[in-house]
Number of protein chains: 2
Amino acid sequence: MPTRRARPPSRKTPTQSRAKATVDAILRATAHILKSEGFAACSTNAVARKAGVSISSLYQYFSSKEALVAALAEQHAENGQALLLEMVGLAALEGPTSLEAQVRRYIEAMVRLHAGDAELHRVLMQQVPSIPEAVAAVNRVSNRSGDAVRAWLESRRDELRPLDPAVATYVLVTSVEAVTHLQLMERPKQLDFDTLVEELTWLVLGYLGVARRPAARRRRPPATSGFARH
Amino acid sequence: MPTRRARPPSRKTPTQSRAKATVDAILRATAHILKSEGFAACSTNAVARKAGVSISSLYQYFSSKEALVAALAEQHAENGQALLLEMVGLAALEGPTSLEAQVRRYIEAMVRLHAGDAELHRVLMQQVPSIPEAVAAVNRVSNRSGDAVRAWLESRRDELRPLDPAVATYVLVTSVEAVTHLQLMERPKQLDFDTLVEELTWLVLGYLGVARRPAARRRRPPATSGFARH
DNA sequence: TCAGAATGTGAGCTATCACTCGTTTTGGCT
DNA sequence: AGCCAAAACGAGTGATAGCTCACATTCTGA
């Protein structure tokens, strides 16, 4: 990657609808290439080609490759945040629900959210760390989500084991995200949507020290293979 | 990244000690640059320079940049696996210990392991996905760890809630790894080593449905956290 | 001692990258 | 109709990447 010089942070903002379409096409193409070919193959020339615009048009609206990816990351994070709030926020106001139901609903929302554009999310999470501007964009949003979880923990504190809300937020958000990612990336056949939600609910409630009956599902499938231990 | 043509999968293996030293220097330099400058700055030329050998020597032992990084990943994974077994494997044989103690010991080992070369681990995890050969190397090792966890779950099945060992292994390994990574990458001040181990132990035991007293930490001492079940 | 294999060298080739310059096209306005 | 800024264009620039080639040096063993 040559010619790494300081660049102005932003460029023109589109006013005509034609220009808006161009910007949109560029972002769309960026996402598409990132997902299908990875970050390394996502050159500005390739993006422009796929978007059906010239390379100079790209640079008219994005001051650098970093800025381009950062813009995409920001858009993605913003969308996700909005979707999550829509799925969870309103439902949360509909009255006092059981702890377990609330947790399950939130987790369902998370899983569904990630399923939305899993591949893009994955690539952004993996490659974006080398682009500070994009890190900032994603962090800004995920911090807001973290705050919501933390507030929820504090509001339900009496029903949970003694814990530090900040620490617990870290642990919960991280582990739920990680397991969700795993399922989206590897799609292990044992982990379908319902199982995933169920297990994550167990994980969260267990961690929070909420007692639970062993559930109605009679698991324990036919004693799979290995009992043998040293 | 130019000249992307098919390359032979492997090259010469060193026989003289001089050559072994060269290979070692190259791998060392790769790790050093990856950690200090990141993957993007880790060019083969830079590696050769840092290692104090010529480019051609590098290509005598590694058929491509991918192969180089893959070799490093493999070495790293192998080392980790060995260390983990050393820390945990023997201790596991020392007789029947409490479930909680076993879990805590394993988690301690995991956390310590990651702390060993956290930066390298982080970079490898982030960049390796674009290098299939390296993915294979890391997966091979982590699968073996997964098998161990799974076997353990099955051996202790009677003390746990009903669960599918395969699914539970996924959930546990993934979430513990993720939280550990987080702590290494961001080093949030609330999450020191002891707290991390303690919280992860909670996470695992809670998920496994193992009852636990609220521990000796103060804050609402006897208030039997969560009986509340709608 | 000395041939040949193993090892080490660095200038240089080519493809590709991020990005610019000078120019042309478009479309909203009077 | 016709002006003009916004928008779009694409060949071209300098830099650097991964990698090879032709050759030099060192080691082994008979």
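Each chain gets a letter, A, B and so on, in the order the sequences are listed, and its residues count up from 1.
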Should [X] be listed as having a side-chain N or O under 4.0 Å from OP1 or OP2 of [N]?
{"X": "B:T22", "N": "C:dT7", "answer": "no"}
{"X": "A:S54", "N": "D:dA8", "answer": "no"}
{"X": "B:S57", "N": "C:dT9", "answer": "yes"}
{"X": "A:S64", "N": "C:dA18", "answer": "no"}

Listed partners of [X] passing side chain to side chain donor-acceptor pair (under 3.5 Å), at least two apart:
{"X": "B:D192", "answer": "B:T195"}
{"X": "B:R49", "answer": "none"}
{"X": "B:E119", "answer": "B:R122"}

Can you tell me how far [atom2] of [N] sits from [atom1] of [X], to the nearest Å?
{"X": "A:Q60", "N": "D:dA5", "atom1": "CD", "atom2": "C1'", "value": "12 Å"}
{"X": "A:E66", "N": "C:dC17", "atom1": "CD", "atom2": "P", "value": "15 Å"}
{"X": "A:R49", "N": "D:dC9", "atom1": "CZ", "atom2": "P", "value": "14 Å"}
{"X": "A:N45", "N": "D:dA8", "atom1": "CG", "atom2": "P", "value": "18 Å"}
{"X": "B:L58", "N": "C:dT9", "atom1": "CG", "atom2": "P", "value": "11 Å"}
{"X": "B:I131", "N": "D:dG18", "atom1": "CD1", "atom2": "P", "value": "11 Å"}
{"X": "A:I26", "N": "D:dA7", "atom1": "CD1", "atom2": "P", "value": "12 Å"}
{"X": "B:F62", "N": "D:dG18", "atom1": "CZ", "atom2": "P", "value": "15 Å"}

Candidate nucleotides [options], ranked by approach to the side chain of [X] - the nearest:
{"X": "B:Y59", "options": "C:dA18, D:dA8, D:dT20", "value": "D:dT20"}
{"X": "B:Y61", "options": "D:dC19, C:dT7, D:dA8", "value": "C:dT7"}
{"X": "A:I55", "options": "D:dC19, D:dA11, C:dT9", "value": "D:dA11"}

Q: Using a strict 4.0 Å threshold on nitrogen-to-oxygen distance, state whether A:R150 and A:E154 make a salt bridge.
A: yes
Q) Could you walk me through whether A:L182 and B:V171 pass the side-chain contact (heavy atoms from CB on, under 4.5 Å) check? A) CA-CA 9 Å; A:L182 177 85; B:V171 172; over 6 Å; no
Enumerate, atom names and distances included, each donor-acceptor pair closer than 3.5 Å involving a side-chain atom of residues 23-33 of chain B, sequence neighbours excluded.
| unit_1 | atom_1 | unit_2 | atom_2 | d |
| --- | --- | --- | --- | --- |
| B:D24 | OD2 | B:R28 | NE | 3.2 |
| B:D24 | OD2 | B:R28 | NH2 | 2.8 |
| B:T30 | OG1 | B:I26 | O | 2.7 |

Q.
Can you build the contact string for nucleotides 21-30 of chain D? Use B for base contact, S for sugar-phosphate-only contact, and - for no protein heavy atom under 4.0 Å.
A. B----BS---
Q: Could you tell me which residues satisfy ring pair (Phe, Tyr, Trp, His ring centres under 6.0 Å) with A:H76, sequence neighbours excluded, listed by chain and number?
A: A:H121
